[in-house]
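Start at 1 with the first residue, then count along the sequence. Atoms within each ligand, like the ligands themselves, are counted from 1 in listed order.
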Amino acid sequence: MRVFKFGGASVKDANGVKNVVKVLQEVGYENTLVVVSAMGKTTNSMEAIVDAYFNEKANLPSKIQEVTEYHASILKDLFPNKEHLIYQRVKELFDEVKGFLAWNKSPNYNFVYDQVVGYGELTSTSIISAYLNEIGMQNTWLDVRTLIKTNNIYRDTTVNWEKTQEQISEKVNKKVLNITQGFLGSDDNNFTTTLGREGSDYTAAILAYCLSANSVTIWKDVPGVLNADPRYFKETQLLNKISYKEAIELAFYGASVIHPKTLQPLQRKEIPLHVKSFLNPKNDGTTVGKGNGIEPKVPCFIVKKDQVLMKLSSLDFSFIVENNISDLFKLFHDYKMKVDLIQNSAISFSVCVDNRFGRLQELLDTLKSRFKVVHQEGVSLYTIRHFNTEAISSLQNGYEVLLEQRAKETVQLVVK
Ligand code: ADP
Ligand code: ASP
Ligand code: MG
């Protein structure tokens, strides 16, 4: 059995959906489970709905309208017959969103978020499943929330592997073409949970693990994993092979082409992960599997934009050591700052963080009661794996380097 994952970019319009069909026809779709994300940037639009609900109720109808119209235009291109049941189904899904928001009493942002954003995936998979059936590719639509069981930490949930395994063994027929959603799960009360943004790759890995699949393929708008993000670097090279360990390192440092949690379940069962182009499905792309390092062995560049660099020193000139550092990490955790890099010296402690949940000001206010704090927003963190001097100097040109840290295989630079 194989697991495929198609991301938002691959199904951003009707042509994208038709291309998914083409890929399946070219590479075969027997014994295949297909995981699909929300179409295009729908998850951002769903987030805007949640945001309007909490912060700007007047905007709510127009935000819902925007997503509805986007899907309506894709439906129109795929299903000329306006009587097709899919029109009714998609309407029902958006009515559920509206119904939920009308009746909801919970003030918990993260809970509401999870109940709402998942409709992006429920809609995309309903449309794609119906389209495949329409053109004669019989398939089974599965509600992934009945398969992936999680705790109830909304927006950042943890998988309950035992219960998930049970549900998948019981409910998935491996012999047919299955279509299901990425990103979603459900808690013990069957409320929807989400695995974190970009979590659909992880969904594919969870399902592959529980099904003991032969392989996972994630179909992308790039030829595979490159040695740098083509949005920010001009000359990139395709990596043909990457070991699990190396891929985990790349994902850890922020190579956004693979979600970091995806690799561990696959590694445990030695299930190979292929990253391939949905435009050239017959090309090899990248294979992540057993082995060492990367092939070809070239420096790999990872950039994280819009980070925050903080430099802390104590108000009484004492050192920042164990007791302070443990307090600091507790604060970073409490304010949901992802720590990218730390560097400690006798009198100052520097830390580069990702202000993903927008709580920087609150954190700074708390820190300033105990430390002298200097901070810079909008800095970039570059990581080079397998660096050489040429690779480093290519980055130093044109940037002001604020902090540098070297280990055997990895160098990191915070630059402005
Ligand atoms: P999906 O549609 O599956 O969600 P993503 O947009 O998350 O796809 O991932 C594909 C994008 O990842 C590419 O378009 C590319 O800009 C970016 N990317 C970042 N790092 C890399 C890398 N090392 N190799 C290839 N693509 C990368
Ligand atoms: N649709 C979700 C997101 O955009 C999950 C995913 O695409 O991986 O974050
Ligand atoms: Mg993505």
Is G199 in contact with ligand 2, taking contact as a heavy-atom separation below 4.0 Å?
yes
Regarding R268 and the six-membered ring of W161, is the cationic atom NZ or CZ under 6.0 Å from the ring centre and inside 45° of its axis?
yes
Using a strict cut-off of under 4.0 Å between a residue heavy atom and any atom of ligand 1, list the qualifying protein residues by chain and number.
K5, G7, G8, A9, E198, K220, D221, V222, G224, V225, L226, A228, D229, P230, R231, S256, V257
Applying side-chain contact (heavy atoms from CB on, under 4.5 Å) to K22 and L24, what does each step give before you reach the verdict?
CA-CA 5 Å; K22 196 165 147 248; L24 293 177; over 6 Å; no
Backbone N or O of K338 within a donor-acceptor pair of the D354 side chain at under 3.5 Å?
no
Centres of the F111 and F191 rings: under 6.0 Å?
yes
Contact partition for E121 relative to ligand 2, non-hydrogen atoms under 4.0 Å:
side chain
K76 NZ/CZ over F79 ring centroid, <6.0 Å and within 45° of normal
no
Begin with the C-alpha distance, continue with both residues' side-chain angles, and end with the deciding distance and a verdict on side-chain hydrogen bond (donor to acceptor under 3.5 Å, both in side chains) for Q343 and S350.
CA-CA 5 Å; Q343 201 164 73; S350 298; 5.6 Å; no
Say whether, by atom type as modelled, one donor and one acceptor occur between the side chain of N139 and the main chain of L177 under 3.5 angstrom.
no
How far is atom 7 (O) of ligand 2 from its nearest protein heavy atom, and which residue and atom is that?
S37 OG, 3.1 Å
Applying side-chain contact (heavy atoms from CB on, under 4.5 Å), run through L207 and T180 and close with a yes or a no.
CA-CA 10 Å; L207 296 169; T180 199; 3.9 Å; yes
So what's near the Mg ion (ligand 3), protein N, O or S atoms under 2.8 Å?
E198 OE1
In this structure, SG of C300 is separated from CD1 of I294 (nearest 0.5 Å) by 3.5 Å
Do R197 and ligand 2 have an N or O pair less than 3.5 Å apart?
yes
With respect to atom 5 (C) of ligand 2, which of G182, A204, S200, G7 exhibits the smallest heavy-atom separation?
S200
Run the side-chain hydrogen bond (donor to acceptor under 3.5 Å, both in side chains) test on Q165 and S169 for me, step by step, so that the C-alpha distance in whole Å, both residues' side-chain angles and the decisive distance to 0.1 Å come before the verdict.
CA-CA 6 Å; Q165 179 69 68; S169 306; 3.1 Å; yes
Dump the intermediate steps for ring pair (Phe, Tyr, Trp, His ring centres under 6.0 Å) on Y382 and F301, then the final yes or no.
CA-CA 7 Å; Y382 283 89; F301 297 80; 8.0 Å; no
